[in-house]
Amino acid sequence: MTATRASVTAASVGGGHHRFHGWRIVATFAVTQTVGYGCLYYAFAVLLHPVAADLHTSTAAVTGALTTALLTSAAMAMPVGRWLDRHGGRALMTAGSAAGALLLVAWSQVQTLWQLYAVFAALGAAMAMALYEPATAVIVAWFDPARRSKALLGMIVVAGFASTIFMPLTGLLEDRYGWRATLLVLAVLYAVVAVPLHALVIRRTDHHAAPTSGSTSASRRAEVRAAVRDARFWCLAVAFVAHGAAMSAMTVHLVGFLVAAGHPATFAATVAGLLGVLSVTGRLLLTVARRRFRLHVVVAGVFVVQATAAMSLPFVGGTRLGAVVAVTGFGIGFGVASLATPGLLADRYGTTAYASIAGTLATPVTFAKAGAPLAAAALYTTVDGYTPVLIVIGAGSLVAAVGMLARATTPPPHRTPAGDRQP
């Protein structure tokens, strides 16, 4: 009896320690994802015009560098997912954050457009190794379904303020020191924060501390094959591709539409800035609503609200109140996908091969995000107006809602016994 009681006590202590370290990882990612997105992604929008002027090229040409980074990130999604399933996130995310800091330094030294594109091609790989997708996979591995949503929300809500913090900070630094010195400051900040935190805090769950066995690798390959043969997976792919394209196009073209509608540039930028804050609000609402309704139903409802807001914007966006209301409706769903995707995939396919399956889904989604702004710009140029662009964005949100609901009640594919274990 004494031995039994002692073993139970030890297990309880071990379980408590496991949960505690899981929340340490969440806190770490809340910090490193905020700084990472601020330095590697949101700084670009602020530095776009100074970089273009210094390199004596157009803003469109410089914007192509960010597209290059997104395309590289898309190409890296599947190999990164396989690495995470087999080896965990510590080495990958530490290397990615170190590479990101070095590439910010390299960006600060470019003299020609081709050098900028080369830096951003590598920067896309660093982003794939260190930002949301690998961080999400690590959290999914550490938490059971009852705590997973809260853990993901803890990271995503804080990181949702990355644009709110870093766009003004980057603008202040650029105004005082110039864009090259600003990038050096951001590089140091990112290196000092992300590299040691990723190296010291991230680790694998205890039952996967040993090297991956051949049987486990075979099990993971079987899980991935089962997922990609599932019709529901491709319905989700359609939903998130359409939604990602709509989000990306709106992000790039919202300010242009509002200015074309007659609003001052300062008002347009302020309203567009609401998207970051609203993404946090939407994630909180999603977390509350899913306690009473099925996740896919809530997400589909949010997509319909976004479609309505986007399609109404050409007709109500000429007034300040109309613009704010429509942007608010669209912004509520701005960060929903990053919270919904892990829940939908892990609930249906388990967590054994979560990172590989999520990487398979992320590849077309990231390609869509990279190409949508260019397609929207081409449509705008062809029709000489934003109304068709916003209608198409709204239609994309409707397609996303249909994909979210399609085949949602079909049974999941058969999983191996390990399919519900945490990797």
Side-chain angles (χ1 to χ4, degrees), residues 23 25-46 66 70 73 93 97 100 127-128 130-140 143 147-171 186 189-190 193-194 197 240 243-244 246-248 250-252 254-255 269-290 295 298-299 302-303 305-306 309 324 327-344 358 362 365-366 369 397:
W23 289 111
I25 291 175
V26 171
T28 292
F29 286 155
V31 173
T32 62
Q33 295 303 300
T34 301
V35 178
Y37 269 95
C39 295
L40 301 182
Y41 186 79
Y42 288 113
F44 180 86
V46 180
L66 182 61
L70 293 175
S73 179
M93 297 189 72
S97 51
M127 292 163 67
L131 295 184
Y132 265 160
E133 280 73 19
T136 298
V138 171
I139 290 176
V140 166
F143 289 88
R147 297 180 177 87
R148 189 177 296 142
S149 294
K150 185 182 293 185
L152 289 168
L153 187 68
M155 173 186 72
I156 292 172
V157 164
V158 176
F161 290 100
S163 61
T164 307
I165 297 170
F166 277 88
M167 292 183 79
L169 175 62
T170 303
L186 295 178
L189 175 62
Y190 187 48
V193 172
L197 284 176
F240 287 121
H243 187 256
M247 297 304 98
S248 182
M250 182 66 88
T251 301
V252 173
L254 178 58
V255 172
T270 301
V271 172
L274 289 174
L275 294 175
V277 177
L278 289 168
S279 70
V280 175
T281 305
R283 289 159 178 162
L284 292 172
L285 291 175
L286 177 65
T287 302
V288 173
R290 68 176 297 183
L295 177 58
V298 178
V299 174
V302 171
F303 290 170
V305 171
Q306 288 188 290
V324 170
V327 171
T328 299
F330 192 85
I332 288 297
F334 214 73
V336 162
S338 59
L339 186 59
T341 302
L344 291 166
V365 172
T366 309
K369 289 179 179 179
S397 297

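Quantities reported herein were computed from a predicted structural model and do not represent experimental measurements.
- Residues V302 and G333 come closest through the heavy atom pair CG1-CA, 3.4 Å.
- Heavy atoms only, all atoms of each residue included: A246 and F330 are closest at O-CZ, 4.1 Å.
- Listed here is the closest heavy atom pair of A162 and Y37: CB-CB, 4.0 Å.
- Scanning all heavy atoms of the two residues, the minimum distance from G282 to V336 falls at O-CG2, 4.3 Å.
- Put simply, the side chain of T366 gets close to the backbone of A362: a donor and an acceptor are under 3.5 Å apart.
- Residue L286 holds its CG atom at 5.0 Å from CG of L339, rounded to the nearest 0.5 Å.
- Atom CG of L131 sits about 11.0 Å away from atom CZ of F29, to the nearest 0.5 Å.
- Distance OG1/T34 to CE/M155: 9.5 Å, rounded to 0.5 Å.
- With R290 contributing its side chain and L295 its backbone, the two residues share no donor-acceptor pair below 3.5 Å.
- For the pair I332/V305, no side-chain contact is recorded, criterion being any heavy-atom separation below 4.5 Å from C-beta on.
- Residues M250 and Q306 form no side-chain contact, since every pair of their non-hydrogen atoms from C-beta on lies 4.5 Å or further apart.
- Contact check for F240 versus L344: side-chain heavy atoms found under the 4.5 Å cut-off.
- Although no hydrogens or angles enter the test, the distance criterion places no donor-acceptor pair under 3.5 Å between the side chain of Q33 and the main chain of I156.
- Note that CD1 of I25 is 8.0 Å distant from CD1 of I139, once rounded to the nearest 0.5 Å.
- Once rounded to the nearest 0.5 Å, the distance linking OH of Y132 with CE of M127 reads 12.0 Å.
- Put simply, the side chain of S279 never gets that close to the backbone of G335: no donor and acceptor are under 3.5 Å apart.
- Closest approach of H243 to A337, counting heavy atoms only: ND1-CB, 4.0 Å.
- Counting heavy atoms from C-beta outward, F143 and V26 have side chains that approach closer than 4.5 Å.
- When all heavy atoms are compared, the tightest approach of A130 to Y190 is CB-OH, 3.6 Å.
- Ring to ring, F166 and Y41 are not that close: their centroids are 6.0 angstrom or more apart.
- Atom OG1 of T341 sits about 10.5 Å away from atom CG of L152, to the nearest 0.5 Å.
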